[in-house]
Colleague: 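After the structure tokens below, expect a handful of questions from me.
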Amino acid sequence: MPSRTRSTNRSVRLVAAALAVSAALTVAGVSEARADAAFQQFVTGFWPQAKKAGISRATFDRAFAGITERDPEVLEKANYQPEFVKTIGEYLATAVSDARVETGKEMLVAWKPWLDKIEARSGVPRQILVAIWGMESNYGKVLDNPAVVKSVIRSLATLACCDPKRGKFGRSQLIAAMKILQRGDVPSARFTGSWAGAMGHTQFIPTSYLAFSADADGDGKVDIWTNIPDALATAANLLAKNKWRTGETWGYEVVLPQGFNYARVDEKAGRSLADWQKMGVKRATGAGFPRPDDKAKLILPAGARGPAFLVLPNFNVIKRYNNATSYALGVGLLSDRIMGAPPLGATWPADMRPLSGAQVEELQRLLAQKGYDPGDIDGKAGPGTRDAIRAYQSDKGLPADGNPSTAILDFLKKGG
Ligand code: CA
């Protein structure tokens with residue numbers, strides 16, 4: 001078994017080299033060299049798991065060729081704690097910038113023949129696909145930036161080896177990444193992605209790539225790194241397989257009537273657009289709802305003072321791409337703007353900065369003390385916490401939007 005002998009020799013050589021280097025270095029240098037030895041040990045120890053998953057020795061060696069140490073930048077990015085969280089308005093100002101809208105319109109024209117085909121095949125409208133492309137990689141512009149075009153294998157092996165929170169993610173993605181290499185869709189040298197392994201124009205992680213990759217141009221390979229039809233068809237496939245409803249949109253910005261009952265916000269079951277209209281809820285543009293029987297839920301992402309939206313089931317399909325309300329809104333709003341819709345009617349309140357995890361925990365504790373059960377005190381403002389806020393607001397005669405704001409936290413802290 002020549003391949004096995006070669007690998008054993010290689011790993012022994014690598015460890016020996018690292019130890020030799022570490023002996024000759026300063027104290028700081030020694031710990032760095034030891035860290036590299038740990039990385040190499042991880043790689044050597046990972047072979048049986050890879051083999052079990054069907055990876056050949058040749059693929060394994062090709063994957064790790066020239067990769068002998070962790071990528072410290074990956075660990076830095078994985079553990080980055082922003083000083084403050086962006087408000088949703090700040091996030092959307094970048095996500096749905098005028099420049100991004102204009103480029104999106106150009107892309108609709110430039111890629112029309114392919115978009116015709118992909119839309120016909122998947123049932124997902126072109127503007128949603130172009131918006132995802134814009135959100136994920138700024139239409140491929142980020143792929144020119146060396147800082148975000150890292151070796152997928154090295155990034156994932158770094159997470160697998162050395163990040164305590166993402167070890168499991170790193171290992172499963174690393175196996176999927178080697179399967180992609182083994183399939184021959186992309187040569188090792190072009191096998192690049194973000195620090196977390198998100199790849200190509202539409203930023204798929206390896207497991208999602210394996211689940212949804214689509215060969216739009218029919219050349220027998222799926223290349224989401226340089227082939228835009230393949231990248232767009234892969235995004236379309238993800239949405240289609242997650243039950244995109246052809247003919248329905250993602251949602252509408254709406255205006256609520258005076259004295260609106262906020263108990264209707266975040267309801268679990270949808271109501272028909274016709275029912276919402278009967279309650280006085282209108283589209284912000286003043287136009288009617290083109291499909292009054294479609295079901296929708298009401299969300300107020302920044303509370304009662306911010307824009308309101310009726311969102312359809314496709315909103316949740318977009319969240320399968322990235323499970324964040326702000327992201328799905330970004331895709332939806334960008335897709336509308338690309339088709340010529342005006343900007344939002346309402347403005348985002350500038351002071352609605354999302355609470356930090358510690359602040360949410362404090363909010364949960366105060367609610368619990370007052371007898372409003374927020375569920376687990378975990379620093380995450382999920383449906384239970386929002387319901388508790390809503391019940392509390394309602395009892396205090398406040399607009400019961402359920403929004404975990406600094407205002408409601410301050411109100412609780414002052415003993416309200
Ligand atoms: Ca192809």
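Whatever order the structure lists them in is the order used to number ligands and atoms, beginning at 1. Predicted model, so just to flag it, every value in this text is computed and none were measured.
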Colleague: Check Asp215 and report its N/O/S atom nearest to the Ca ion (ligand 1), by atom name.
Modeller: OD1
Colleague: Measuring from the Ca ion (ligand 1), name the closest N, O or S atom belonging to Asp219.
Modeller: OD1
Colleague: Need the atom name: nearest N/O/S atom of Asp230 to the Ca ion (ligand 1).
Modeller: OD2
Colleague: Is the ring centre of Tyr209 less than 6.0 Å from the ring centre of Trp225?
Modeller: yes
Colleague: Just checking Tyr321 against Phe204, ring centres under 6.0 Å apart?
Modeller: yes
Colleague: Among Met279, Lys278, Lys297, Gln277, which residue meets the side-chain contact (heavy atoms from CB on, under 4.5 Å) test with Arg271?
Modeller: Met279
Colleague: Got a sec: is Lys221 within less than 3.0 Å of the Ca ion (ligand 1) via an N/O/S atom?
Modeller: yes
Colleague: Provide the atom name of the closest N, O or S atom of Asp217 relative to the Ca ion (ligand 1).
Modeller: OD1
Colleague: Let's go through Phe289 and Tyr252 carefully: what are the C-alpha distance in whole Å and the side-chain angles of both, what is the deciding distance for ring pair (Phe, Tyr, Trp, His ring centres under 6.0 Å) to 0.1 Å, and is it a yes or a no?
Modeller: CA-CA 9 Å; Phe289 295 108; Tyr252 300 97; 5.1 Å; yes
Colleague: Taking the basic N atoms (NZ, or NE/NH1/NH2) and the acidic carboxylate oxygens, is any pair closer than 4.0 Å for Lys221 and Asp230?
Modeller: no
